[in-house]
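Working notes for the structure below.
All values below were derived from every heavy atom in this structure, side-chain atoms included, with hydrogens, water molecules and symmetry-related copies excluded. Computed from a predicted structure; not experimentally measured.
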Amino acid sequence: MALIKKLSIAFASAGLITLALVNEAKALSLKYETSIGRPATFTDGDYPGVPGTLAVPQGIGVQDSTQNIFVSNGRGIDSVDVFDSQGNYIKSIGSTGSGPGQFDEPADLRFNPLTGDLHVGDVFNSRINVFDAEGNYKTSYASFSGPVENRLFFGPGGMDFDAAGNLYVSDFSADIIKVYNPEGEQIKTIGSPGSGPGEFLGPGGLIISDNTGKIYINDQYNGRVQVLDPNGEFLFAFGITGSEPGQFKEPIGIDVDEYENIYVADSQNSRVQVFDQNGNFLTSFGEPTRNSSGQIVPPPTPAALGGTTPYGDPIDLTPGKFNWAAGLHYDNGTVYVGDFFQGRIQVLSVEQSAKVPEPTSILSLGILGIGAGVVKLQKKRKEKMLISLGRN
């Protein structure tokens, strides 16, 4: 995530001034800007896997060095597709298989902030694949639980790096979070199965705040978001299962911005919901795709059950229409949301109700204030000295 860090500066010299800048949540709205990728048409040789087509885009990331957009492309395409900042297709990384650098259903992805390497969840191969910044395969590590009866998902779910380069990954079927050090060794687990504080039923999307180190986890089957401290200890949770504002139906993608606002891809409600740092509802964007009778279009039949397409029927590419909102990534005022069964990424701009001054501007104002304070204090001291000399 390319986030602006919270800035906290204290000037205690001579007790003149203390400046503390902590960005506060502002009322906001989401606005559709464009889409990246498209569904295949299944005509004239245009099938899933043709460059630019997408299927179940779950992992989304923006590479800091290039601003290129990386998208996990599943359902037999089995690659990470790369688009430029304008949404133009550049290349694909990986192919179908279980060998080095291959995938069998790529899931979430993250760039290691210390090395720039790309880490991608590989569901059916039960591992994390690692590529360098150019997309060259380096290694694989980790292992995850397999399918569980009556659950659509399994294996590696959401993941993110902490400041030390440790990777936190949700093991969806085992209902725990696994933590791996930079050498790929598992060093601890967080949580356990259940519905109590710090317990999970299908932990999905996971993000670690660059500002606070807090860990945010979509607890899918419990219909909530859990917030943990940097040590993995439970702080609070918000949300219940439902379709009203602040409620969820199996939330998948999640991210936070520089104000600690929380963005959640509320998958089966086909929308993005935004909350402040305390879990208070702020706004939402999106609605389900419907057929000509006004009924919500269901997900496609899985291939294992005889399905032949990764897309819902019909598809509606009107801005804001989703057939499940899944992967989600925030980057510098922009939210990228996977339109799971319509083969695209919807790109949304975040519009704040009031412009927040840049940290450098506020810092400059603070320094000017300090300078004025010093001059004023020196002037008073000089006046006192002159009065004292006059008395003598």
Side-chain angles (χ1 to χ4, degrees), residues 1-5 36-37 54 57-74 78-87 89-94 100-101 103 106-123 127-142 156-170 177-184 204-211 213-217 230 252-258 263 265 326-338 345 347:
M1 296 174 293
L3 301 181
I4 300 172
K5 305 289 186 181
I36 296 172
L54 294 177
Q58 182 176 348
I60 308 168
V62 177
Q63 189 176 45
D64 287 342
S65 60
T66 63
Q67 292 302 295
N68 290 335
I69 301 153
F70 289 62
V71 182
S72 293
N73 208 350
D78 295 324
S79 64
V80 173
D81 286 5
V82 186
F83 299 82
D84 67 19
S85 59
Q86 303 303 309
Y89 174 85
I90 298 176
K91 64 178 181 179
S92 293
I93 299 169
F103 296 102
D108 201 9
L109 59 83
R110 284 289 182 271
F111 290 96
N112 185 321
L114 303 181
T115 67
D117 289 342
L118 174 66
H119 294 237
V120 188
D122 186 3
V123 174
R127 64 189 181 185
I128 303 294
N129 290 335
V130 185
F131 303 83
D132 66 18
E134 302 300 321
N136 301 303
Y137 174 77
K138 295 183 70 173
T139 188
S140 298
Y141 67 97
M159 61 186 186
D160 199 12
F161 288 92
D162 66 14
N166 299 312
L167 184 69
Y168 292 60
V169 190
S170 60
I177 310 301
K178 293 181 175 179
V179 185
Y180 295 87
N181 67 16
E183 288 70 46
L206 181 155
I207 200 73
I208 300 174
S209 170
D210 286 350
N211 297 328
K214 291 178 182 177
I215 307 164
Y216 297 82
I217 302 163
I252 296 180
I254 190 167
D255 212 335
V256 294
D257 67 15
E258 58 268 36
Y263 300 77
L328 184 147
H329 179 70
Y330 173 87
D331 187 88
N332 196 28
T334 301
V335 179
Y336 301 84
V337 189
I345 304 293
V347 183

Run the side chain to side chain donor-acceptor pair (under 3.5 Å) test against Asp78 and tell me which residues pass, sequence neighbours left out.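 For Asp78 the side chain to side chain donor-acceptor pair (under 3.5 Å) partners, ignoring immediate neighbours, are Thr96.
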Not counting sequence neighbours, which residues clear side chain to side chain donor-acceptor pair (under 3.5 Å) with Lys214? List them please. none
To the closest 0.5 Å, what do you measure between [atom1] ([X]) and [atom2] ([Y])?
| X | Y | atom1 | atom2 | result |
| --- | --- | --- | --- | --- |
| Asp132 | Thr139 | CG | OG1 | 12.5 Å |
| Ile60 | Leu328 | CD1 | CG | 6.5 Å |
| Leu167 | Asp162 | CG | CG | 9.0 Å |
| Asn129 | Asp117 | CG | CG | 12.5 Å |
| Asn166 | Lys178 | CG | NZ | 15.5 Å |
| Asn211 | Asp257 | CG | CG | 8.0 Å |

Determine, step by step, whether Ile69 and His329 satisfy the side-chain contact (heavy atoms from CB on, under 4.5 Å) criterion, reporting the C-alpha distance in whole Å, the side-chain angles of both residues, the deciding distance to 0.1 Å, and the verdict. CA-CA 10 Å; Ile69 301 153; His329 179 70; over 6 Å; no
Just to verify, which of Pro57, Pro106, Ser92 counts as forming a side-chain contact (heavy atoms from CB on, under 4.5 Å) with Val71? Pro57
Result for side-chain contact (heavy atoms from CB on, under 4.5 Å) between Tyr330 and one of Asp255, Val337, Val256, Val62 points to Asp255
Qualifying residues under side-chain contact (heavy atoms from CB on, under 4.5 Å), relative to [X], sequence neighbours excluded:
| X | result |
| --- | --- |
| Phe111 | Gln63, Phe70, Leu118 |
| Asn73 | Leu54, Ala55, Ile77, Ser79, Asp81 |
| Leu114 | Asn112 |
| Ser85 | Gln67 |

Can you name the residues that form a salt bridge (Lys or Arg N to Asp or Glu O under 4.0 Å) with Lys91, not counting sequence neighbours?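 Counting only residues at least two positions away or on another chain, Lys91 forms no salt bridge (Lys or Arg N to Asp or Glu O under 4.0 Å).
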Which pair of heavy atoms, one from [X] and one from [Y], lies closest together, and at what distance?
| X | Y | value |
| --- | --- | --- |
| Ala265 | Ala326 | CB-O, 2.8 Å |
| Ser170 | Leu206 | N-CD1, 4.4 Å |
| Ala164 | Pro182 | O-CG, 3.8 Å |
| Asn68 | Ile90 | OD1-CD1, 3.6 Å |
| Pro156 | Ala107 | O-CB, 3.9 Å |
| Leu109 | Gly61 | CD1-N, 3.6 Å |

side-chain contact (heavy atoms from CB on, under 4.5 Å) between His119 and Val130, intermediate numbers included: CA-CA 5 Å; His119 294 237; Val130 185; 3.6 Å; yes
By ring pair (Phe, Tyr, Trp, His ring centres under 6.0 Å) - contacts of [X] (at least two apart):
| X | value |
| --- | --- |
| Tyr336 | none |
| Tyr168 | none |
| Tyr216 | none |

In terms of relative ring orientation, are Phe103 and Phe131 parallel, tilted or perpendicular, with 30° and 60° separating the classes?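 Tilted: the ring planes of Phe103 and Phe131 meet at 30° to 60°.
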For the side chain of Asp108 and the backbone of Met159, is there at least one donor-acceptor N/O pair under 3.5 Å apart? yes
Just by distance, do the side chain of Asp160 and the backbone of Ile208 share a donor-acceptor pair under 3.5 Å? yes
